[in-house]
Amino acid sequence: RLSQERFHAFMDNIPALAWMKDEAFRYVYANRALQRFSGRSQSELSGSDDFDLFPADVAAELRRNDERTLAGDATLEVTETLQDAAGRPHVLMVLKFPMRDAAGSRFICGVGMDISEREFNSFVESVER
């Protein structure tokens, strides 16, 4: 029980977006950062997929990356651009990896760090040169 409490405290305080999806690409877990980002609670996110949350073109890109993740055994590192609940775009550096639980069920796990400011600063530096 203590281990589970520590895990939840860690996940709820990490400054990155973190999630788990089932093989049907539906969210089964979203940490507090992702809940704030999306403007939806855990219960609202559970069972939904990216087509419920994002425009179709963005959701299709996320699905392709999730399919690549399930098809392989390695961590996939990608950059994805998503809009937050207020409609502001964010560039995320995302690590996605496949996982199996004790029962053998497969999941897509992901962690996303907002690198929007870093991307913007790089753009400004290139324009100034």
Side-chain angles (χ1 to χ4, degrees):
R1 178 183 162 112
L2 180 59
S3 177
Q4 189 174 31
E5 288 173 7
R6 284 182 182 150
F7 167 78
H8 284 292
F10 173 76
M11 292 305 292
D12 283 340
N13 287 287
I14 191 170
L17 309 180
W19 62 90
M20 288 177 62
K21 297 176 190 175
D22 63 17
E23 286 185 275
F25 309 103
R26 294 179 304 241
Y27 287 88
V28 296
Y29 173 79
N31 74 340
R32 193 173 290 153
L34 180 54
Q35 292 172 46
R36 281 191 303 269
F37 183 89
S38 69
R40 297 175 186 207
S41 68
Q42 175 67 49
S43 62
E44 291 172 310
L45 287 167
S46 291
S48 64
D49 67 17
D50 291 318
F51 289 93
D52 298 323
L53 303 175
F54 303 107
D57 59 330
V58 173
E61 177 188 352
L62 300 177
R63 175 66 59 88
R64 283 190 298 275
N65 290 337
D66 288 348
E67 288 170 343
R68 288 174 54 201
T69 302
L70 271 185
D73 292 326
T75 299
L76 177 68
E77 182 177 330
V78 293
T79 302
E80 297 175 337
T81 302
L82 305 176
Q83 289 186 348
D84 65 16
R88 293 180 303 257
H90 295 265
V91 178
L92 303 174
M93 192 278 293
V94 178
L95 300 174
K96 294 184 176 189
F97 54 95
M99 183 188 84
R100 287 191 186 270
D101 67 9
S105 299
R106 294 187 324 155
F107 296 90
I108 303 121
C109 300
V111 177
M113 289 292 297
D114 190 338
I115 60 168
S116 302
E117 187 173 323
R118 183 184 328 168
E119 292 289 309
F120 178 76
N121 290 340
S122 293
F123 171 75
V124 170
E125 287 173 11
S126 70
V127 170
E128 290 175 346
R129 286 185 215 149

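Residue numbers start at 1 and run along the sequence shown. Since the model is a prediction, treat every value here as computed from it, not as a measurement.
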Exercise: identify the closest heavy-atom pair between [X] and [Y]:
X	Y	answer
F25	I108	CD2-CD1, 3.6 Å
Q35	L45	CG-CD1, 4.0 Å
D114	H90	OD2-ND1, 2.6 Å
A74	P98	O-CD, 3.7 Å
Q42	A30	OE1-O, 2.7 Å
S116	P89	OG-O, 4.3 Å

Whether the side chain of [X] engages the backbone of [Y] through a donor-acceptor N/O pair (distance < 3.5 Å, no angle test) should be reported.
X	Y	value
T81	V91	no
N31	A16	yes
D50	L53	no
N65	L62	no
S38	L34	yes

Hey, quick one: are [X] and [Y] part of the same hydrophobic cluster, counting side-chain heavy atoms closer than 4.5 Å, chains of contacts allowed?
X	Y	value
Y27	V111	no
V28	M11	yes
M113	V78	no
L17	F7	no
L76	F107	no

Validation row: Q83, V58 side chains within 4.5 angstrom (heavy atoms): no

Short N-O contact, E67 and R63, less than 4.0 angstrom: no

Looking at [X], I'd like to know if its [atom1] atom is crowded, meaning that more than 12 non-hydrogen atoms belonging to other residues, nucleotides or ligands lie closer than 6.0 Å.
X	atom1	result
D73	CG	no
F51	CZ	yes
E5	CD	yes

Partners passing side-chain hydrogen bond (donor to acceptor under 3.5 Å, both in side chains) against E44 (at least two apart in sequence or in another chain): S41

Rounded distance (nearest 0.5 Å) linking atom CZ of F97 with atom CE of M20: 8.5 Å

Distance in Å, D101 CG paired with D22 CG, rounded so as to fall on 0.5 Å steps: 11.0 Å

Audit row: L82, F37, side-chain contact (heavy atoms from CB on, under 4.5 Å) steps and yes/no: CA-CA 10 Å; L82 305 176; F37 183 89; 4.0 Å; yes

